[in-house]
Amino acid sequence: MHFGFSAAFIFSLIAIANSACPPRVGDGIQAGNELAKFATDAVDAFFPYREGWEAAYDTAFSSDLKASFNTTAYTFETFKALYGAIYVSLIRTYQGTFDHGFLTVVGVPNANDIGGFVTMTGWEGGYVGGSGGRFVNTTDAAYAVIAQTEDCGRKIVEFRETSNLGSYN
């Protein structure tokens, strides 16, 4: 009985915390667009090719993140370490010419809060060795699960990324 009471109490607290947040936008398309904008803004900020990506990473991702890059699974800390290594590689390889962009972004909102999931495809590349080098333009895709936080914000709790960039360097 004690467990049942504890579980009910915890779920009640979560419901109370979520009820304190304003409801998501009623229009599902607009809510999906807002979710997609959150995801693209977050990716633009934490994509590891410009200074300051680490702070944006810490802001965007939940500390209990479940992530993967191609076939390897990561935690919050190990994914951040991977991004640190990618940052060094992109700076060294592309010497300031690396960039990325989005081709498609689809946001699917949750019914009861501002979370949901987003699927993104995009491109990435630059000139190997800097301007005048060989141009590389590859594809990238990501799937993100976004949760509403207790303070009514958003955090990425799951992030699955695939890229063929390493095949071309």
Side-chain angles (χ1 to χ4, degrees), residues 24-25 28-110 114-149 151-169:
R24 78 159 177 88
V25 173
I29 293 172
Q30 183 181 350
N33 289 343
E34 289 175 4
L35 193 63
K37 175 135 177 50
F38 167 82
T40 57
D41 288 350
V43 169
D44 280 340
F46 70 68
F47 203 111
Y49 74 100
R50 46 172 87 105
E51 289 184 26
W53 70 268
E54 300 98 332
Y57 180 99
D58 293 342
T59 299
F61 289 112
S62 169
S63 61
D64 62 349
L65 174 70
K66 292 180 178 132
S68 64
F69 188 87
N70 291 341
T71 60
T72 305
Y74 296 93
T75 65
F76 177 88
E77 291 299 329
T78 59
F79 198 54
K80 189 174 183 180
L82 171 68
Y83 268 34
I86 290 171
Y87 173 74
V88 170
S89 177
L90 293 178
I91 297 302
R92 182 181 61 240
T93 303
Y94 295 98
Q95 299 178 11
T97 65
F98 185 86
D99 203 356
H100 84 104
F102 300 99
L103 299 172
T104 61
V105 181
V106 178
V108 179
N110 290 342
I114 61 170
F117 65 89
V118 177
T119 303
M120 303 169 259
T121 63
W123 59 269
E124 58 190 9
Y127 294 92
V128 175
S131 295
R134 178 175 55 96
F135 182 66
V136 173
N137 187 20
T138 64
T139 53
D140 189 305
Y143 171 81
V145 177
I146 300 162
Q148 178 173 297
T149 60
D151 65 352
C152 305
R154 291 180 170 121
K155 288 277 187 181
I156 299 170
V157 296
E158 182 177 348
F159 195 72
R160 308 298 177 179
E161 184 175 359
T162 57
S163 174
N164 60 6
L165 181 63
S167 308
Y168 296 96
N169 289 332

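Only this structure's heavy atoms are used, side chains among them; waters, hydrogens and symmetry mates stay out. Because the structure is a prediction, the values reported are computed rather than measured.
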Evaluate Ile114 against Glu34 for side chain to side chain contact (heavy atoms under 4.5 Å, CB included), listing each step before the verdict. CA-CA 9 Å; Ile114 61 170; Glu34 289 175 4; over 6 Å; no
Would you sort out whether Val43 and His100 count as a side chain to side chain contact (heavy atoms under 4.5 Å, CB included), showing the intermediate values? CA-CA 10 Å; Val43 169; His100 84 104; 4.0 Å; yes
Go through it in stages, so that I can follow the logic: the residues are Lys66 and Val145, the test is side chain to side chain contact (heavy atoms under 4.5 Å, CB included), and I'd like the CA-CA distance, side-chain angles, deciding distance and then a yes or no. CA-CA 10 Å; Lys66 292 180 178 132; Val145 177; over 6 Å; no
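Side-chain contact between Leu165 and Phe98 is present, with at least one heavy-atom pair separated by less than 4.5 Å. Here the side chains of Arg154 and Leu35 are in contact, with some heavy-atom distance below 4.5 Å. For the pair Phe47 and Glu124, the minimum side-chain heavy-atom distance is below 4.5 Å.
Within the model, atoms CG of Leu82 and CD of Glu77 stand 13.0 Å from one another, a figure rounded to the nearest 0.5 Å. One distance of note links CG of Leu65 with OG1 of Thr75; it measures 7.5 Å at 0.5 Å rounding. Separation of atoms OG1 (Thr59) and NZ (Lys155) is listed at 6.0 Å; rounding is to 0.5 Å. Between the OG1 atom of Thr40 and the CE atom of Met120 there is a distance of 8.0 Å, given to the nearest 0.5 Å. Put simply, OG1 on Thr139 and CG on Asn164 are 3.5 Å apart, with the number rounded to the nearest 0.5 Å. Rounding to the nearest 0.5 Å gives a distance of 13.0 Å between OG1 of Thr119 and CZ of Arg160.
Donor-acceptor pairing under 3.5 Å is lacking for the side chains of Asp99 and Tyr94.
Thr121 contributes a side-chain N or O that, together with a main-chain N or O of Thr104, makes up a donor-acceptor pair within less than 3.5 Å. A donor-acceptor contact shorter than 3.5 Å is absent between the side chain of Thr78 and the backbone of Tyr74.
Nearest heavy-atom pair across Ile156 and Ala144 is CG2-CB, 4.2 Å. Nearest heavy-atom pair, Ala36 versus Gly107, reported as atom, atom and distance to 0.1 Å: CB-N, 4.1 Å. Ala42 and Ala60 get closest at one heavy-atom pair: CB-CB, 4.0 Å. Between Pro48 and Ile86 the shortest heavy-atom distance is CG-CG2, 3.8 Å. Counting all heavy atoms, side chain and backbone alike, Asn70 lies closest to Ser163 at OD1-N, 2.9 Å.
The ring-ring contact (aromatic ring centres under 6.0 Å, His included) test applied to Phe117 returns Tyr143, not counting sequence neighbours. Every residue two or more places apart in sequence or in another chain that forms a ring-ring contact (aromatic ring centres under 6.0 Å, His included) with Phe76 is listed here: Tyr57.
Tyr87 OH: more than 12 foreign heavy atoms inside a 6.0 Å radius.
Note: Phe159 and Phe46 meet the aromatic proximity criterion, with ring centroids under 6.0 Å apart. A ring-centre distance under 6.0 Å is found for Phe79 and Tyr83.
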